[in-house]
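Note on naming: letters A, B, ... go to the chains in the order of the sequence lines (proteins, then strands), and numbering restarts at 1 for each one.
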Protein chains: 2
Amino acid sequence: MTVTLADVAARAQVSPATVSRVLNGNYPVAASTRERVLKAVDELDYVLNGPASALAAATSDLVGILVNDIADPFFGIMASAIQSEIGGPGGRAGGERLAVVCNTGGSPERELTYLTLLQRQRAAAVVLTGGAVENEPHAAAVAAKLTKLTDAGTRVVLCGRPPAPDTGAIALTFDNRGGGQRLTEHLIGLGHRRLGYIAGPEERTTTRHRLEGHRAALAAAGIEEDPRWTVWGRYDRQAGYEATLELLRRDPSLTAVVAANDSVALGACAALRESGLRIPEDVSVAGFDDLPFSVDAVPALTTVRLPLAEAGARAGRIAMGREEPPPGGIATVGGELMVRGSSGGPRG
Amino acid sequence: MTVTLADVAARAQVSPATVSRVLNGNYPVAASTRERVLKAVDELDYVLNGPASALAAATSDLVGILVNDIADPFFGIMASAIQSEIGGPGGRAGGERLAVVCNTGGSPERELTYLTLLQRQRAAAVVLTGGAVENEPHAAAVAAKLTKLTDAGTRVVLCGRPPAPDTGAIALTFDNRGGGQRLTEHLIGLGHRRLGYIAGPEERTTTRHRLEGHRAALAAAGIEEDPRWTVWGRYDRQAGYEATLELLRRDPSLTAVVAANDSVALGACAALRESGLRIPEDVSVAGFDDLPFSVDAVPALTTVRLPLAEAGARAGRIAMGREEPPPGGIATVGGELMVRGSSGGPRG
DNA sequence: AGCGTCACAGCAAGCGCTTTCTATACGGTA
DNA sequence: TACCGTATAGAAAGCGCTTGCTGTGACGCT
């Protein structure tokens, strides 16, 4: 049998109410009584029953963080930043909040399942990171769920994800389109005219926005795009490797490869090298995100830096109600072009 | 006001008990009744109250995963694997379990705090990943906490962490010592005699074990170690970069650098390159873990592959009671030496 | 001396669900 | 027809905590 509040109360010779108040520190208790209670708590090794407490108080100290892929540093960095802003003081009982990271694996169903689970647990806040899936029924289902969450008083923040209108969710959106555009403009400025593009999973907003930026830059420069120049794949190294091989097969005259993100770019580099091509002399490569390892690639990766940690921290603070949400509930976070060794003028 | 079980019951014209039984599916309910209830649930958008359910049933579907640094793929990969084994069916109510990842940031206090929080929530299981801190009072406190958790019926699994004797916790330990030893043996076999070592944070078991393996290999080869050859730092790229510069300053004649892990090794490579040294012609470099990016380094990193995903998956299954714990509650998971381009014979 | 004020402490009513035990209806059997 | 097993539904007692409200002395004021 576990120790309950009542046991502590008995031992300290006070009522359960008093013990609760000592533990929560939200009601005046005489110092001597408090001490007696704390002593009893200590002696009995009492641990509060979370569910009971949450039930009675109708609140919980859970904060959910949804990520697409926990093994990907892109999400890890954001999650870490969010969590660092949540762990601290601010809530009930001295304010330790349990920040939980939920890995959806990019699956819409799991996303919904986790949202329901968090709703069940009456989470204090939920932060959704990364791109959304562009699938009408699913998007509607998520929007409905988010609305219900915000209605129930749960603060919902989207970090690196497009706004969800009319759901009450605060959005911190990455300017993927603008970043993609500037990146390709840079390449075009170097003289490239034949650019391959390795896109991410087709149904993701992030994928679409980055690609749109790329195409906008192409269009602005009057470059007509060849459909063979775009290949779709996952957001990982392996996909980049394979896609690059495919790109090379389709059109060996490409002088640059733009990847959906840094991991993909790394795979692209590997494929190019194995094909006997030099970077950037033969082919330039560009990534996106500027993850920590990108600067260590050889040559270092030209990419777009997204302030993942900063955005995550801000999302965390907003989720905790410690920072004002942006006006209109929407803020756009820009990316910064990082020109490094992997991009140069085209050969010849 | 949120919808409660009673509301659903009223709408379906049955008792709350029946609704509960339909939802949990653990008691015979006539098909027609079940349908009526499900319809009401649907119409009212009813969501079970997690805390209330957990309180009444005296169980919870929370599973905690503790990691040192969620932004580090080393932990991300393990967490991902653990979680993938936990999400599935197996528990109450169709069995969705909420796997929560808690980021301790390597801090002993946060580790304890999280364990307490999980204990409060009456977690079904807890998996602790990564090396432990070697600090007597803290280790004792953690051991006591783990004992209490296992006593309370929570399954505790250590993944990539040394065993915690007499706590009831199951341990899946990485053979860091053996891996470190084989790695250094490989370097010695290539002819290296002057090896720098970049160790991780001093108080971690992982750090100590890897270093012990390194030294064992040195000793076996009759190489006397120079204290200047060991530098300590964090487990990240930056630390590796700085440590390598320091190593070079202390003894420019080193022909190999062994790093505490792959991230550190990447930093080491950067520092060497910037110092005008070629890898592996001038200096060989070796890492540990074989994270996904390691094969993409140029040259590809010689390292020790740890089966993070496999070990994590196994830990997850054990935590869920779906796999027998190893005999004695302890299993050692070996590493595999991956010889790649970053190691070669010493110059001259 | 009489009374309003404080500062504390306790009582008791839930919070929303699960589950044991009991009630009922039905069909079959003797 | 009387009886009993089976299948299903309901009543009600909590699970362990929080909190609004109700004392109850002690103190200071007029």
Whole-Å distance separating the [atom1] atom of [X] from the [atom2] atom of [N]:
{"X": "A/Q13", "N": "C/dG10", "atom1": "CD", "atom2": "P", "answer": "10 Å"}
{"X": "A/N24", "N": "D/dT18", "atom1": "CG", "atom2": "P", "answer": "5 Å"}
{"X": "A/Q121", "N": "C/dG16", "atom1": "CD", "atom2": "C1'", "answer": "13 Å"}
{"X": "B/L48", "N": "C/dC17", "atom1": "CG", "atom2": "P", "answer": "6 Å"}
{"X": "B/L23", "N": "C/dT19", "atom1": "CG", "atom2": "P", "answer": "13 Å"}
{"X": "B/E35", "N": "D/dT8", "atom1": "CD", "atom2": "P", "answer": "14 Å"}
{"X": "B/Y46", "N": "C/dC17", "atom1": "OH", "atom2": "C1'", "answer": "7 Å"}
{"X": "A/D61", "N": "D/dC17", "atom1": "CG", "atom2": "P", "answer": "14 Å"}

Strictly below 4.0 Å, N to O, side chains only: are [X] and [Y] in salt-bridge contact?
{"X": "B/R314", "Y": "B/E323", "answer": "yes"}
{"X": "A/E310", "Y": "A/R317", "answer": "no"}
{"X": "B/R11", "Y": "B/E43", "answer": "yes"}

Is it the case that D/dG10 (base atoms only) and B/R21 (side chain only) share a donor and an acceptor within less than 3.5 Å, ignoring hydrogens and angles? yes
hbond_proxy B/Y27 side chain to D/dA9 base (donor-acceptor, 3.5 Å cutoff): yes
Below 4.0 Å: OP1/OP2 of [N] and any side-chain N or O of [X]:
{"X": "A/N49", "N": "D/dC15", "result": "no"}
{"X": "A/T18", "N": "C/dA9", "result": "no"}
{"X": "A/S20", "N": "D/dC17", "result": "no"}
{"X": "B/T33", "N": "D/dA9", "result": "yes"}
{"X": "A/T4", "N": "D/dG16", "result": "no"}
{"X": "A/S15", "N": "C/dG10", "result": "yes"}

Check: [X]/[Y] side-chain N/O donor and acceptor closer than 3.5 Å:
{"X": "A/S107", "Y": "A/T104", "value": "no"}
{"X": "A/T18", "Y": "A/S15", "value": "yes"}
{"X": "A/K148", "Y": "A/Q119", "value": "no"}

Position toward the 5' end of DNA chain D (nearest nucleotide), B/R36 or A/P51: B/R36
Starting at the 5' end of DNA chain D and moving along, which residue's nearest nucleotide shows up first, B/A30 or B/A52? B/A30
Is any side-chain heavy atom of A/Q121 closer than 4.5 Å to a side-chain heavy atom of B/D61? yes
Taking five pairs at each end, how big is the angle between the two axes of the helix from C/dA1-D/dT30 to C/dA30-D/dT1, to 10°? 50°
Mind checking A/A17 for me? I need base, sugar-phosphate or nothing, with any heavy atom below 4.0 Å counting as a touch. base
Once you apply a heavy-atom cut-off of 4.0 Å, does A/N26 come out as touching a base, just sugar-phosphate, or nothing? sugar-phosphate
Walk me through whether A/L146 and A/L128 qualify under side-chain contact (heavy atoms from CB on, under 4.5 Å). CA-CA 10 Å; A/L146 295 186; A/L128 292 91; 4.0 Å; yes
